[in-house]
Amino acid sequence: MGESVSLGAIQETLLIPLYGRAEDARRQPSVLNDRRAIELVEAIDYDFTKFRGPSLSGSVLRAAIFDEYVRGFLREHPEGTVVDLGCGLSTRFDRLDNGRLRWFDLDVEDTMALRRRFFQDGDRYTMISGSLFDTDWFERVTERPGPLFLLSEAVMLYFPAERVHAVLRQLATRFPDTPLAFDTGGQLMMKSQDRNPVFQAVSARMQWICDDPATLEVHGLRLRESRTFAQPQPAVAREWPFKYRAIAKLFGWAPPVTTYKLNLFTTDPA
């Protein structure tokens, strides 16, 4: 991989799921077998070992559930377009590429500067520097006609409710009848942040509280399904090693965890 990369001003929170996937890949059996995550962790000059606790495994289980949402879309639309809003250092394109899809990864400029050290644009893969809350990327991701899937994992949680609600209305208006997957966290989850070992290692805190994803339908969405770590898709649960099934069983029904939801919506501005 060459010379190591210094973290600089990049937000530390994007490193948590990266490290979680790398640690998962070092164990066998693995949920995601994300060997690319190991390469990135070894190349970034950062003390990842300060991240500890069940949130690391949680980030892996979350990725598996979101992966299945995308796979479900691609089973119906193998040449569809997927847009990962706030991608961080995600390797989802590598995991899910079927050789036919079109994929866009979007994130802010400093994150993309780091990302471009490890990833390159291709015929079907494009990185865009920009914000989830901007609109200048709208036309770019619809350059190829056909179905679109929008995904935003562990991003909206870090912004105030009014900003999140505004962007949801914006996405619903611009991309009608489009699947949109993102996570939400309830009051109990937010109150437990300071006791979470992972968050004790970073300064960022989640802000947006949503106890019931169905309440977001007033912003132009229709809720299709909502899952917790204890309720993954059956196809996903069958692939989880015993360790992760045990984690989901032990922690998945704890009150703070049950308020964390992984949701699949369809935009429905009417």
Side-chain angles (χ1 to χ4, degrees), residues 1 13-44 46-75 82 84 87-98 101 118 149 151-155 157 181-185 189 192 195-201 225-264:
M1 187 65 69
T13 53
L14 65 88
L15 300 181
I16 298 170
L18 174 68
Y19 186 56
R21 298 195 311 274
E23 289 296 282
D24 168 63
R26 289 187 174 107
R27 303 185 182 99
Q28 295 300 323
S30 167
V31 173
L32 302 173
N33 197 30
D34 191 346
R35 309 300 299 179
R36 193 74 190 278
I38 296 177
E39 295 178 9
L40 269 63
V41 165
E42 292 177 347
I44 295 174
Y46 187 81
D47 180 16
F48 286 90
T49 60
K50 70 180 184 179
F51 296 142
R52 56 188 176 84
S55 287
L56 290 177
S57 296
S59 68
V60 174
L61 304 186
R62 178 184 67 208
I65 292 172
F66 276 117
D67 279 3
E68 183 59 21
Y69 282 153
V70 179
R71 286 193 184 99
F73 168 76
L74 292 174
R75 283 193 288 268
V82 179
D84 193 338
C87 61
L89 293 174
S90 171
T91 55
R92 182 165 278 118
F93 172 75
D94 293 342
R95 295 198 300 272
L96 304 184
D97 182 21
N98 62 4
L101 60 78
F118 307 105
F149 187 99
L151 163 73
S152 187
E153 179 184 354
V155 177
L157 295 165
F182 60 90
D183 41 349
T184 55
M189 175 184 168
S192 68
R195 299 191 298 274
N196 188 319
V198 163
F199 281 99
Q200 291 173 4
E225 61 180 79
S226 186
R227 298 185 177 276
T228 67
F229 290 149
Q231 301 167 311
Q233 301 95 331
V236 171
R238 287 194 295 269
E239 297 298 322
W240 282 358
F242 173 78
K243 169 191 172 181
Y244 291 96
R245 295 197 305 271
I247 289 173
K249 185 175 182 179
L250 289 172
F251 297 101
W253 297 105
V257 180
T258 57
T259 68
Y260 180 56
K261 304 291 180 61
L262 302 102
N263 314 291
L264 180 62

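Residues: numbered from 1 along the sequence shown. Because the structure is predicted, anything quoted here is derived from the model rather than measured.
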Among residues at least two apart in sequence or on other chains, which ones pass ring pair (Phe, Tyr, Trp, His ring centres under 6.0 Å) with Y19? F48
Between [X] and [Y], what is the shortest heavy-atom contact and its length?
{"X": "K261", "Y": "S226", "result": "CB-OG, 3.4 Å"}
{"X": "T228", "Y": "T258", "result": "CG2-O, 3.8 Å"}
{"X": "I38", "Y": "A25", "result": "CD1-CB, 3.8 Å"}
{"X": "S59", "Y": "I16", "result": "OG-O, 4.3 Å"}
{"X": "D24", "Y": "S30", "result": "OD2-OG, 2.8 Å"}
{"X": "G20", "Y": "V60", "result": "O-CG2, 3.3 Å"}

Between E23 and R21, is there a side-chain N and carboxylate O pair less than 4.0 Å apart? no
Which residue pairs pass the salt bridge (Lys or Arg N to Asp or Glu O under 4.0 Å) test with at least one member in residues 52-65, sequence neighbours excluded? R62-E153
So does A22 get a backbone contact from the side chain of R36, meaning a donor-acceptor N/O pair under 3.5 Å? no
Stepwise side-chain hydrogen bond (donor to acceptor under 3.5 Å, both in side chains) check, N263 with T184: CA-CA 8 Å; N263 314 291; T184 55; 3.1 Å; yes
Sequence neighbours excluded, the answer for salt bridge (charged side-chain N to carboxylate O under 4.0 Å, His left out) partners of E239 is none
Chi angles and distances behind the side-chain contact (heavy atoms from CB on, under 4.5 Å) call for L157, F182: CA-CA 9 Å; L157 295 165; F182 60 90; over 6 Å; no
I'd like to check the side-chain hydrogen bond (donor to acceptor under 3.5 Å, both in side chains) partners of S55; sequence neighbours left out, ordered by chain and number. N196
Roughly how far, to the nearest 0.5 Å, is the [atom2] atom of [Y] from the [atom1] atom of [X]?
{"X": "I65", "Y": "E225", "atom1": "CD1", "atom2": "CD", "result": "9.5 Å"}
{"X": "C87", "Y": "L151", "atom1": "SG", "atom2": "CG", "result": "10.0 Å"}
{"X": "L89", "Y": "I44", "atom1": "CG", "atom2": "CD1", "result": "5.0 Å"}
{"X": "S90", "Y": "L14", "atom1": "OG", "atom2": "CG", "result": "11.0 Å"}
{"X": "T91", "Y": "L32", "atom1": "OG1", "atom2": "CG", "result": "7.5 Å"}

Derivation of the side-chain contact (heavy atoms from CB on, under 4.5 Å) call for L264 and R227: CA-CA 9 Å; L264 180 62; R227 298 185 177 276; over 6 Å; no
Sub-4.5 Å side-chain heavy-atom contact between F93 and D84: no
Y46 ring center within less than 6.0 Å of F51 ring center: yes
All N/O donor-acceptor pairs, side-chain side in residues 66-73, below 3.5 Å, sequence neighbours left out:
from : atom 1 : to   : atom 2 : distance (Å)
D67  : OD1    : R92  : NE     : 2.5
D67  : OD1    : R92  : NH2    : 3.3
D67  : OD1    : R95  : NH2    : 3.0
D67  : OD2    : R95  : NE     : 2.8
D67  : OD2    : R95  : NH2    : 3.3
E68  : OE2    : R75  : NH1    : 3.4
E68  : OE2    : R75  : NH2    : 2.7
Y69  : OH     : L262 : O      : 3.0

Can you check side-chain contact (heavy atoms from CB on, under 4.5 Å) on Y244 and L61, steps first, answer last? CA-CA 8 Å; Y244 291 96; L61 304 186; 3.3 Å; yes
Checking side-chain contact (heavy atoms from CB on, under 4.5 Å) for the pair R27/K243: CA distance, chi angles, key distance, verdict? CA-CA 11 Å; R27 303 185 182 99; K243 169 191 172 181; 3.3 Å; yes
Residues forming a side chain to side chain contact (heavy atoms under 4.5 Å, CB included) with R195, sequence neighbours excluded: S192
